[in-house]
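Quick note on labels: first sequence line is chain A, next is B, and so on, each numbered from 1. All values below come from the heavy atoms of this structure, side chains included, with hydrogens, waters and symmetry mates left out.
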2 protein chains.
Amino acid sequence: MRARRAVTITDVAAATGVAPSTVSRALHNPGRVSAATRERVEEAARRLNYVPNSQARALSSGRTGTIAVLVSDVTNPFYFGLIRGTQRQLKAAGRAQLLIDTEDSGDHEAEMLLSMRRSLDGAILAASRLPERRLAALAEEIPLVTVNRNVRGVPSVVIDTPAGIDLAVEHLLSLGHRRIAYAYGPENSWSNRARWQALRAAGVRYGHPFVRVGPFPRGRAFGSAAADALLNTGATAFIAFNDLLAIGILTRLRERGVRVPGDVSVVGCDDIFGADFCNPPLTTLTAPIEQAGRTAVSMLLARLVPAGPGPGRRTVLLPTHLTIRDSTGLAP
Amino acid sequence: MRARRAVTITDVAAATGVAPSTVSRALHNPGRVSAATRERVEEAARRLNYVPNSQARALSSGRTGTIAVLVSDVTNPFYFGLIRGTQRQLKAAGRAQLLIDTEDSGDHEAEMLLSMRRSLDGAILAASRLPERRLAALAEEIPLVTVNRNVRGVPSVVIDTPAGIDLAVEHLLSLGHRRIAYAYGPENSWSNRARWQALRAAGVRYGHPFVRVGPFPRGRAFGSAAADALLNTGATAFIAFNDLLAIGILTRLRERGVRVPGDVSVVGCDDIFGADFCNPPLTTLTAPIEQAGRTAVSMLLARLVPAGPGPGRRTVLLPTHLTIRDSTGLAP
DNA sequence: ATTTGAATGGCAATCGTTTGCCAGAATTTG
DNA sequence: CAAATTCTGGCAAACGATTGCCATTCAAAT
C-alpha cells in the first residue's frame with residue numbers, strides 16, 4: 001500500500017549495465033572507477049531518483065551517519081544555542097542529529113548511549129551527569145566529545161566561565177562591592193563547581209572572602225529561595241550559578257521590594273535567551289554556546305576519519321566575556 | 001581497535017541452544033514460543049548483554065523505530081515545549097527522535113524528508129512551509145502528522161489560537177479598548193493568517209474594525225518596526241502574531257517612553273519561555289505546546305500499527321486560554 | 001486408535017549495501 | 001618488446017536481523 005518498492009542500487013546497476021558494486025563505488029568512492037562509468041552511473045542514479053538506504057549501508061559498513069546529542073533537559077534555554085550549533089555543523093557534514101533528553105540522570109544517559117551505540121557514529125554529551133569512571137568507560141565503546149565537562153582521555157570543549165568569573169569580580173569590585181555571594185547550583189553540575197571554585201579563588205586573591213549559599217536545584221523556581229538566602233548573607237552583589245537562577249532571583253527581589261541595582265547587584269552566567277529582556281536586563285557572562293556546539297561536532301567528526309590528524313586537541317577552551325546590562329551598579 | 005565484536009542474535013541463540021529465529025521471536029513476539037524457551041532466551045540475552053542492532057532490524061523488517069521532528073528553527077522558543085513533548089512521548093514508546101531544523105525553507109523540508117524517508121517510520125511537521133499540494137504528496141510517501149497546519153488528508157493537531165483571540169478581544173474590550181491593532185507576522189505562517197482571520201472576524205462582530213500592520217518577519221528584532229507601526233495606527237491595544245514579536249514590541253515601547261499598560265496594552269500569543277519575566281510580564285494566549293507535541297506523536301504512532309483503529313481523528317484541536325499579566329490594563 | 005489441529009522450533013531466503021579479492025585490460029617501465 | 005604496474009570492473013561474502021514456510025510434537029476430539 002505504502003510507497004511502491006524503492007529504487008535500489010541494483011536498479012541503478014541494471015539501468016547502467018554494470019554491477020551493483022560498481023555503482024556503490026562510483027557514488028561513494030569516485031577515484032575507484034573510470035570517469036566515463038561514473039558519469040553514466042550518476043546520470044542513471046539521478047534519473048531514477050535513487051537514494052541509498054542508510055540502514056543497509058550502516059549494516060555493511062558500520063557507519064550510520066548519525067550523531068547523538070545528549071542534553072540533560074531539552075527545555076533548558078542554555079541548550080538551544082548548543083543544539084543549533086550542532087545541528088548546523090552536522091547538516092553541513094551531511095549527518096543526522098539524534099536528540100536525546102537524559103532528564104538529568106546519569107543512568108538514563110548511560111543506558112541510552114549503550115542501547116544506541118550500534119546506531120551511532122558518535123555522541124556529544126552536553127553536561128554529562130556521569131561519574132568520571134563511567135564516562136571514560138563509555139568513551140571506549142563509542143566516540144565521545146563532552147561539553148563543559150573535562151574528563152581525562154575524553155576530548156571536550158569547555159566554556160571558560162571560570163576566567164569570566166574573574167571579569168565579573170573585577171567589574172563588581174570596581175563598582176565598590178566588597179561582599180559578594182554566590183548562589184551555588186546543583187552539586188552534579190561540573191560547571192557549577194568550577195564557577196564556585198574560580199570565585200573562591202578570586203576572593204582569596206583579592207582578600208575578600210566570598211560566601212556561597214545553596215546548593216539550589218536547577219530552574220527558575222528556586223530563585224526565590226536563593227534570593228532570600230543571598231539577602232541573608234548581607235552581601236551587596238550576587239553571582240548566580242546560571243542565568244535561569246539569576247532571573248528567578250531577580251523576580252524574587254522585585255517581589256520583596258529590593259531594588260536592583262540600587263540595593264544589590266546581580267550577575268548571571270551563560271547569557272541565555274531572555275537575559276537581555278528580563279527586568280532589569282541581566283549583566284551576565286556571555287558564553288559562545290553555539291560555537292561550542294559547532295566545535296564539539298568538528299572535534300567528533302575529526303576523530304571519525306581513520307587517518308585522523310593525530311589525537312587532535314583534546315580540550316578546547318572557549319573564552320567568555322562579560323556583558324554588562326542593568327542588573328549591576330554602584331554599591332550602595 | 002574499537003569495541004570487540006558485538007553480541008549478536010546468533011550468540012544468544014548459541015548460548016541458549018536454539019535457532020536465531022527463535023531468539024528473535026522470543027524477544028519480540030512472545031506469544032510465538034513456549035514460556036520455557038522464552039525465559040531461557042531472555043536470561044541468555046540479559047547475561048550476554050545483548051542489544052539488537054537496529055540497522056539490521058530495520059533492513060529486514062522495514063521499521064526503523066525513529067521518528068523525525070521537523071521544526072523551522074530550533075532556537076525559536078516556541079519549539080522548546082513542543083520538542084519536549086515529542087521527546088517524552090517517543091521515549092515512552094521506545095522510539096528515537098531525529099530533530100531536523102528546516103531553516104524555514106519548504107524546499108529544505110521536502111528534500112530532507114525525501115532523502116530520509118527510508119530511515120524513518122514517520123515524521124512530525126511543526127510549522128511546515130510547504131504548499132498544500134506538496135505536503136499532501138509527501139504524506140503519500142511517508143506517514144505524517146502536522147502541527148498548526150491543516151491540510152486535507154493529513155492528520156494534524158492544531159492549537160486553537162483563533163478561539164483564544166476572541167478571549168483576548170473580550171478582555172481588551174472589557175478594559176475599554178476600542179481600537180485594536182494586529183502585528184501581522186510572516187505571510188508563510190499558517191497560524192499567523194489564522195490569527196488575523198479570527199481577529200478580523202471578531203472586529204466585524206463587535207462593530208470595531210480592527211486594523212493590522214505588517215507583515216513582519218519572525219524574530220524579536222522586528223519588534224521595533226512593529227511597535228512604531230502599531231503606534232502609528234492610533235490603536236490603544238496591540239495583539240502580536242506571537243510572543244517573540246510582542247517582547248520585541250515591549251522593548252521598543254520602553255525605549256520610546258510609551259508606558260505599558262498605561263498608554264497602550266499588549267497581548268502576545270503562545271506563552272513562550274520568557275513571557276512571564278519580560279518587562280512588563282506579558283498578557284498572552286497560553287498554548288498547550290507540550291501537549292501538542294505529545295498528541296502529535298500519539299496520532300502518528302496510532303497510524304503506524306497496521307490494525308489501526310480506523311482512520312482515527314484526523315484533526316485534534318487543542319484549546320488555549322488567556323493568561324493575564326501586566327501588559328494589559330484599562331484604556332487610557 | 002485415528003484424525004485434526006494447535007503449538008513450537010528450525011531452515012533459509014531476504015532486506016540493500018559495502019568491500020576484499022580476483023581477473024582482464026591498459027599503461028608504464030626498463 | 002617483455003615485464004611490471006596500475007586501472008577497472010565483477011563476484012560473492014558479509015553485515016544482523018525478520019519472517020514465510022515446513023516439520024515435528026503433543027494434546028484434544030471423534
Side-chain angles (χ1 to χ4, degrees), chain A residues 2-42 44-45 48-66 115-121 306, chain B residues 2-42 44-45 48-66 115-121 306:
Chain A
R2 168 174 161 206
R4 53 267 166 221
R5 202 179 73 74
V7 176
T8 75
I9 203 172
T10 316
D11 300 326
V12 179
T16 322
V18 300
S21 47
T22 303
V23 174
S24 172
R25 286 194 269 254
L27 262 24
H28 308 294
N29 199 353
R32 187 62 176 67
V33 299
S34 71
T37 31
R38 170 155 47 93
E39 270 176 29
R40 282 170 45 227
V41 168
E42 279 172 350
L48 296 181
N49 203 355
Y50 166 69
V51 20
N53 179 319
S54 49
Q55 262 65 39
R57 183 204 297 230
L59 187 55
S60 65
S61 73
R63 287 166 269 113
T64 66
T66 88
S115 77
M116 314 202 76
R117 68 181 183 284
R118 289 276 114 62
S119 346
L120 298 175
D121 284 353
Chain B
R2 167 172 162 207
R4 54 264 166 222
R5 204 179 72 73
V7 176
T8 75
I9 202 172
T10 317
D11 300 328
V12 179
T16 322
V18 299
S21 48
T22 303
V23 175
S24 172
R25 287 195 268 254
L27 262 24
H28 307 295
N29 199 351
R32 188 61 176 66
V33 299
S34 72
T37 32
R38 168 154 50 92
E39 269 175 29
R40 280 171 46 226
V41 168
E42 279 172 350
L48 296 181
N49 204 356
Y50 166 70
V51 19
N53 179 319
S54 48
Q55 263 65 39
R57 184 204 295 231
L59 188 55
S60 63
S61 72
R63 288 168 267 111
T64 66
T66 87
S115 77
M116 315 202 76
R117 67 182 183 283
R118 289 277 115 63
S119 349
L120 297 175
D121 284 353

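Remark: B:Ser115 pairs with no residue by the side-chain contact (heavy atoms from CB on, under 4.5 Å) rule, at least two apart or across chains. With sequence neighbours excluded, no residue forms a side-chain contact (heavy atoms from CB on, under 4.5 Å) with B:Ser60.
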Filtered N/O pairs between nucleotides 22-25 of chain D and protein, under 3.5 Å:
none

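Relative to the side chain of B:Leu59, the nucleotides D:dG16, C:dT18, C:dG10 differ in distance, and D:dG16 lies closest. Of the candidates D:dA17, C:dG10, C:dG9, the closest approach to any side-chain atom of B:Thr37 belongs to C:dG9. Distances from the side chain of A:Ser21 to the nucleotides C:dT18, D:dG16, C:dT19 place C:dT19 closest. Of the listed nucleotides (C:dG10, C:dG16, D:dG10), C:dG10 has the atom at the smallest distance from the side chain of B:Val18. Considering only side-chain atoms of B:Ile9, the nucleotide from C:dG10, D:dG9, D:dT18 that sits closest is D:dT18. Nearest to the side chain of B:Arg63, among D:dT19, D:dA17, D:dG10, sits D:dT19.
Taking CZ from B:Arg118 and CG from B:Leu59, the interatomic distance works out to 12.0 Å, rounded to the nearest 0.5 Å. In this structure, CD on A:Gln55 lies 9.0 Å from OG on A:Ser119, to the nearest 0.5 angstrom. Between the CD atom of A:Glu39 and the OG atom of A:Ser34 there is a distance of 9.5 Å, given to the nearest 0.5 Å.
Within 4.0 Å of A:Ala56, counting heavy atoms only, lies at least one base atom of the nucleic acid.
The interatomic distance linking B:Arg118 (CZ) with C:dG16 (P) rounds to 9 Å, in whole Å. Note: CZ (A:Arg38) to P (D:dT8) measures 10 Å, nearest angstrom. Rounded to an integer number of Å, the gap from CZ of A:Arg40 to P of D:dG9 is 8 Å. In this entry the distance linking CD of A:Gln55 with C1' of D:dT18 reads 14 Å, nearest Å.
Residues B:Thr66 and B:Leu120 form a side-chain contact, since some pair of their non-hydrogen atoms from C-beta on lies under 4.5 Å apart. Between B:Val41 and B:Arg25, every side-chain heavy-atom pair lies at or beyond the 4.5 Å cut-off.
For the pair B:Thr64 (side chain) and B:Ala58 (backbone), a donor-acceptor distance under 3.5 Å is absent.
Between its opening and closing five pairs, the helix from C:dA1-D:dT30 to C:dG30-D:dC1 changes axis direction by 30°, a value rounded to 10 degrees.
A donor N or O paired with an acceptor N or O is found under 3.5 Å between the base of C:dT17 and the side-chain atoms of A:Ser60.
In this model, the phosphate group of D:dG9 is approached by a side-chain N or O of A:Ser34 to a distance below 4.0 Å at OP1 or OP2. At C:dG16, none of the side-chain N or O atoms of A:Arg57 fall inside 4.0 Å of OP1 or OP2 (strictly under the cut-off).
Nearest approach of A:Pro52 to A:Arg57, heavy atoms of both residues: CG-NH2, 3.6 Å. For the residue pair A:Ile9 and A:Tyr50, the shortest heavy atom distance occurs at N-CE1, 3.5 Å. Heavy-atom minimum distance, A:Arg38 versus A:Ala26: CD-O, 3.7 Å.
Residues B:Thr22 and B:Ser61 both approach DNA chain C. Their nearest nucleotides, taken by heavy-atom distance, put B:Thr22 toward the 5′ side.
Heavy-atom distances under 4.0 Å link DNA chain D to B:Ser24, B:Arg25, B:His28 of residues 23-31 of chain B, given in residue order.
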Atom pairs and distances, donor-acceptor, side-chain atoms in residues 15-23 of chain A, under 3.5 Å, two or more places apart:
residue, atom, partner, partner atom, Å
A:Thr16, OG1, A:Val12, O, 2.6

